[in-house]
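I am attaching a structure below and will ask some questions about it afterwards.
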There are 2 protein chains.
Amino acid sequence: MARRFAERGEIVPVLAEIFREHGFAGASLSEITRRTGLGKSSLYHFFPGGKDEMGQAVLDDVARWFERNVFQPLRDSEEPAAGIDHMFKASVRFFNSGRRICLVGSFALDDTRDRFAHVIHGYFAAWVGALEAALRRSGFDGRRAKEVAQDVVAGIQGALVFARSQDDPRLFTRALKRLQRLTEP
Amino acid sequence: MARRFAERGEIVPVLAEIFREHGFAGASLSEITRRTGLGKSSLYHFFPGGKDEMGQAVLDDVARWFERNVFQPLRDSEEPAAGIDHMFKASVRFFNSGRRICLVGSFALDDTRDRFAHVIHGYFAAWVGALEAALRRSGFDGRRAKEVAQDVVAGIQGALVFARSQDDPRLFTRALKRLQRLTEP
DNA sequence: CCTTTTCTGTACCATTCGGTACAGAAAGCT
DNA sequence: AGCTTTCTGTACCGAATGGTACAGAAAAGG
């Protein structure tokens with residue numbers, strides 16, 4: 001029996017991609033076994049809680065990535081504009097220039113949200129919060145900083161939906177360039 | 001045998017609500033029979049093509065509603081600003097002030113898109129196109145009109161995702177007010 | 001080396017899935 | 001009235017669903 005994964009962490013990105021393509025409800029265990037190359041027994045060894053635990057693990061993984069690669073730079077960079085620029089670059093990279101959707105956003109839309117309400121709420125709140133703080137540091141007044149932060153985060157989500165609807169990733173990257181202009185004082 | 005629906009058209013809004021809540025993949029026939037009160041035989045009488053035909057019917061219904069209540073006013077109103085204002089009001093109404101998601105947007109995110117690619121593409125293209133024309137008539141130059149139209153339509157989608165993630169519909173209505181400002185010359 | 005822990009293949013489970021066949025009831029038509 | 005079309009309840013189908021039991025193989029640790 002050749003082992004496929006040294007640790008559970010290596011499986012999670014594969015799961016993430018499956019959930020992105022099919023949604024949480026549409027991702028069947030048979031598809032998951034096929035794509036991971038793991039039998040059900042292995043899967044349930046790593047995720048005793050079944051699909052729900054897989055969804056949780058995937059969301060935690062995304063949240064951790066953004067915390068480290070987006071939210072922290074936004075909060076910690078000495079020059080706020082640099083942190084914001086980094087955020088846009090990291091977003092373009094993470095969403096593969098608009099070819100890859102946002103898992104958290106897609107979970108937020110249907111009743112999947114109810115299962116993972118806490119993580120979903122926290123992810124977007126943290127994003128808006130970190131961006132809002134950076135904007136304030138770069139000169140926006142409190143109210144305007146919050147509004148722009150919300151508009152930018154929501155704008156990214158919307159750009160993903162729109163670009164995918166038109167099957168044209170450039171619509172995403174261009175929209176992000178315009179959103180970035182909103183963050184300049 | 002009491003009849004429940006005089007015509008197929010009366011079933012469609014119920015189906016739409018189910019698809020909104022569970023997504024296309026997550027909407028099971030048993031849930032559909034339960035909520036519509038129709039047995040499978042009746043369902044397959046009205047929709048011989050099964051779930052796919054139901055999805056198609058629901059998308060067509062939404063597209064027709066927007067064509068009549070949003071796109072046409074955008075194109076035909078003598079005063080373009082009035083058409084745009086009407087669009088925002090109709091959107092707030094249709095999406096129930098942010099409590100109801102966009103079916104087309106949710107279908108666009110996962111692999112459901114591939115089944116209905118044509119309608120999904122057309123819906124957003126028509127929306128952006130109609131808004132773009134109105135913006136041009138109200139003084140925006142061609143390039144800027146297209147950009148603003150895309151940003152507004154995507155922005156509405158994003159606001160729906162964000163408001164739902166925070167379980168706070170006011171985030172939607174406020175975001176729309178700010179998006180409307182983008183359309184003022 | 002031997003033992004313990006970590007992982008996996010196989011076989012199985014009840015339930016639900018989307019979908020069909022068909023007879024008969026209700027409504028429309030003349 | 002009778003006939004036709006439109007609708008619906010019941011019973012059923014094979015396949016797929018998420019999930020479990022368990023023995024045994026592979027690796028880790030001493």
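The structure presented is a predicted model; accordingly, all values stated were derived computationally and were not measured. Lettering of chains follows the sequences in order, A, B, ..., and the numbering in each one begins at 1.
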Practice task
Check whether any side-chain N or O of Ser41(B) sits under 4.0 Å from OP1 or OP2 of dA21(C), and answer yes or no.
Solution key: no
Practice task
Could you tell me the separation between the OH atom of Tyr44(A) and the C1' atom of dA11(C), rounded to a whole number of Å?
Solution key: 16 Å
Exercise for the section: Mark yes or no for whether Glu21(B), through its side chain, and Asp110(A), through its backbone, hold a donor-acceptor pair below 3.5 Å. Expected result: no
Exercise for the section: Side chain of Leu29(A) only, please: which of dG19(C), dC7(C), dG19(D) is the nearest? Expected result: dG19(D)
Problem - Whole angstrom value for the distance that separates P of dC7(C) from NZ of Lys40(A) - result: 20 Å
Problem - Atom-pair distance (CZ on Arg34(A); C1' on dA16(D)), nearest Å - result: 14 Å
Practice task
For the side chain of His45(B), starting at C-beta, report the closest nucleotide among dT8(C), dC7(D), dG18(C).
Solution key: dC7(D)
Problem - Leu29(B) backbone acceptor or donor facing Lys40(B) side chain under 3.5 Å - result: no
Problem - Distance, rounded to the nearest Å, where Met54(A) contributes CE and dT17(D) contributes C1' - result: 13 Å
Practice task
Please confirm whether any donor atom in the side chain of Lys51(B) sits under 3.5 Å from an acceptor in the base of dG18(C), or the reverse.
Solution key: no
Exercise for the section: For Phe47(B) and dT8(D), give me the distance from atom CZ to atom P, rounded to whole Å. Expected result: 12 Å
Exercise for the section: Nearest whole angstrom, please: distance from the P of dT6(C) to the CZ of Phe46(A). Expected result: 11 Å
Handout entry: Arg8(B) (side chain) donor-acceptor with Phe47(B) (main chain) under 3.5 angstrom
Key = no
Practice task
Would you mind telling me which of dT8(D), dT8(C), dG19(D) lies closest to the side-chain atoms of Ser42(A)?
Solution key: dT8(C)
Problem - More than 12 heavy atoms of other groups within 6.0 Å of Arg68(B) CZ - result: no
Problem - 5' precedence on DNA chain D between Ser30(A) and Pro48(A) (nearest-nucleotide basis) - result: Ser30(A)
Problem - Between P of dG18(D) and CZ of Arg115(A), the distance in whole Å - result: 11 Å
Practice task
For the pair Arg113(A) (side chain) and Arg164(B) (backbone), establish whether a donor and an acceptor sit closer than 3.5 Å, ignoring hydrogens and angles.
Solution key: yes
Practice task
Just call it for Ala25(A): base, sugar-phosphate, or nothing, with non-hydrogen atoms closer than 4.0 Å on any strand.
Solution key: nothing
Problem - Atom pair distance, as rounded to whole Å: CG in Leu43(B) and P in dT10(D) - result: 16 Å
Exercise for the section: Could you work out which one of dT17(D), dT8(C), dC7(D) sits closest to the side chain of Ser28(A)? Expected result: dT17(D)
